[in-house]
Amino acid sequence: MMILTPWTGKHWREKHIRKISDKVFDHFKNDTGRANLTFEDLYIAVLLVFNDINKCLPGPHFDPPSKVEVKSLMRDCDLNLDGELNREEFVKFMQQITADTFITVSQRLIITLAVAPTVALLRKRSTEGVPHFGKVVQKIPNSVYASLVTLAIVLFQKAGQAIE
């Protein structure tokens with residue numbers, strides 16, 4: 001049995017941010033032939049990362065930061081003050097720019113995966129007395145019913161995202 005600690009979540013996040021950062025950095029390095037990212041490269045990288053995040057997650061999309069926000073954070077992360085970001089500066093930049101995103105994602109996952117099954121089971125009990133429908137609901141095992149309702153919530157979130 002694995003015990004989750006705050007460090008475990010932080011370590012997981014840092015590991016994934018590092019993986020994403022290295023992939024994006026290498027993409028731009030290979031395309032441009034430069035060792036560092038300019039502001040223009042950095043802004044495009046941010047848009048690509050937020051696009052990937054939005055494609056993978058249910059619910060409303062995350063708006064990428066504005067050019068002004070990117071430029072300001074770039075200045076904060078440019079430790080050698082050369083106007084470009086090297087790999088390590090880029091990793092720091094990505095950790096800072098995605099911090100709020102990961103908190104929001106964690107909250108959504110907790111709501112979807114923990115609260116939804118509990119609500120589903122409470123709703124199941126209230127529908128068991130409904131004529132015709134109640135008998136069908138009673139025959140469905142609680143675990144299956146909770147999973148189906150959770151799946152329906154995730155699909156509903158995805159459908160709402162498609163409408164926007």
Side-chain angles (χ1 to χ4, degrees), residues 1-120 143 146-164:
M1 181 172 116
M2 183 177 159
I3 298 174
L4 294 179
T5 64
W7 184 85
T8 306
K10 181 180 178 185
H11 179 70
W12 178 89
R13 179 181 173 273
E14 287 175 359
K15 178 182 167 187
H16 281 55
I17 290 295
R18 181 65 191 220
K19 185 177 175 182
I20 291 167
S21 299
D22 284 343
K23 180 181 172 186
V24 170
F25 191 88
D26 288 340
H27 170 77
F28 279 93
K29 184 178 176 182
N30 292 337
D31 280 358
T32 64
R34 290 191 306 269
N36 296 326
L37 297 179
T38 64
F39 171 73
E40 292 78 18
D41 296 336
L42 182 63
Y43 190 68
I44 292 169
V46 168
L47 294 177
L48 291 172
V49 168
F50 273 78
N51 185 48
D52 284 348
I53 290 170
N54 288 331
K55 282 194 282 186
C56 296
L57 299 175
H61 285 298
F62 293 98
D63 291 330
S66 69
K67 284 186 173 186
V68 172
E69 292 169 309
V70 171
K71 190 169 274 286
S72 174
L73 188 55
M74 181 181 180
R75 275 188 234 113
D76 294 343
C77 295
D78 185 11
L79 301 177
N80 61 5
L81 305 173
D82 65 354
E84 298 180 341
L85 296 186
N86 63 30
R87 184 179 301 271
E88 294 308 313
E89 292 169 338
F90 182 64
V91 170
K92 179 182 174 191
F93 174 88
M94 290 304 296
Q95 288 173 341
Q96 290 182 14
I97 207 150
T98 59
D100 292 341
T101 305
F102 275 89
I103 291 168
T104 303
V105 168
S106 298
Q107 290 171 345
R108 285 186 193 162
L109 286 175
I110 289 169
I111 290 170
T112 302
L113 300 177
V115 176
T118 304
V119 171
S143 59
S147 297
L148 289 172
V149 170
T150 302
L151 179 62
I153 290 171
V154 169
L155 292 174
F156 180 73
Q157 288 175 338
K158 280 282 201 189
Q161 178 180 334
I163 291 172
E164 293 174 358

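Scope of the values below: all heavy atoms of this structure, side chains included, with no hydrogens, waters or symmetry mates.
- Here the closest non-hydrogen pair linking A45 and V24 is CB-CG1, 3.5 Å.
- Under the side chain to side chain contact (heavy atoms under 4.5 Å, CB included) criterion, P65 pairs with V46, F50, E69, V70, I97, sequence neighbours left out.
- Shown here are the side-chain hydrogen bond (donor to acceptor under 3.5 Å, both in side chains) partners of R34, two or more places apart in sequence or in another chain: D41.
- We find the OG-NZ distance between S21 and K92 to be 13.5 Å, quoted to the nearest 0.5 Å.
- Residues Y43 and M74 form no side-chain contact, since every pair of their non-hydrogen atoms from C-beta on lies 4.5 Å or further apart.
- Checked against side chain to side chain contact (heavy atoms under 4.5 Å, CB included), N80 has the following partners two or more places apart in sequence or in another chain: D78, D82, N86, E89.
- Side chains of F90 and L42 form a contact here, defined as non-hydrogen atoms less than 4.5 Å apart.
- When the salt bridge (Lys or Arg N to Asp or Glu O under 4.0 Å) test is applied to E88, the partners found at least two apart in sequence or on another chain are R18.
- For the side chain to side chain contact (heavy atoms under 4.5 Å, CB included) with F93, the qualifying choice from D76, T98, L73, L37 is L73, the only one to do so.
- Using a cutoff of 4.0 Å between basic side-chain nitrogens and carboxylate oxygens, D26 and R87 are scored as salt-bridged.
- From L85, atom CG reaches atom CZ of F28 across 12.0 Å, with rounding to the nearest 0.5 Å.
- For D31, the side-chain hydrogen bond (donor to acceptor under 3.5 Å, both in side chains) partners at least two apart in sequence or on another chain are H27.
- Here the NZ atom belonging to K29 is positioned 9.0 Å from the CG atom belonging to N36, to the nearest 0.5 angstrom.
- Applying the side chain to side chain contact (heavy atoms under 4.5 Å, CB included) test to K23 and every residue at least two apart in sequence or in another chain returns nothing.
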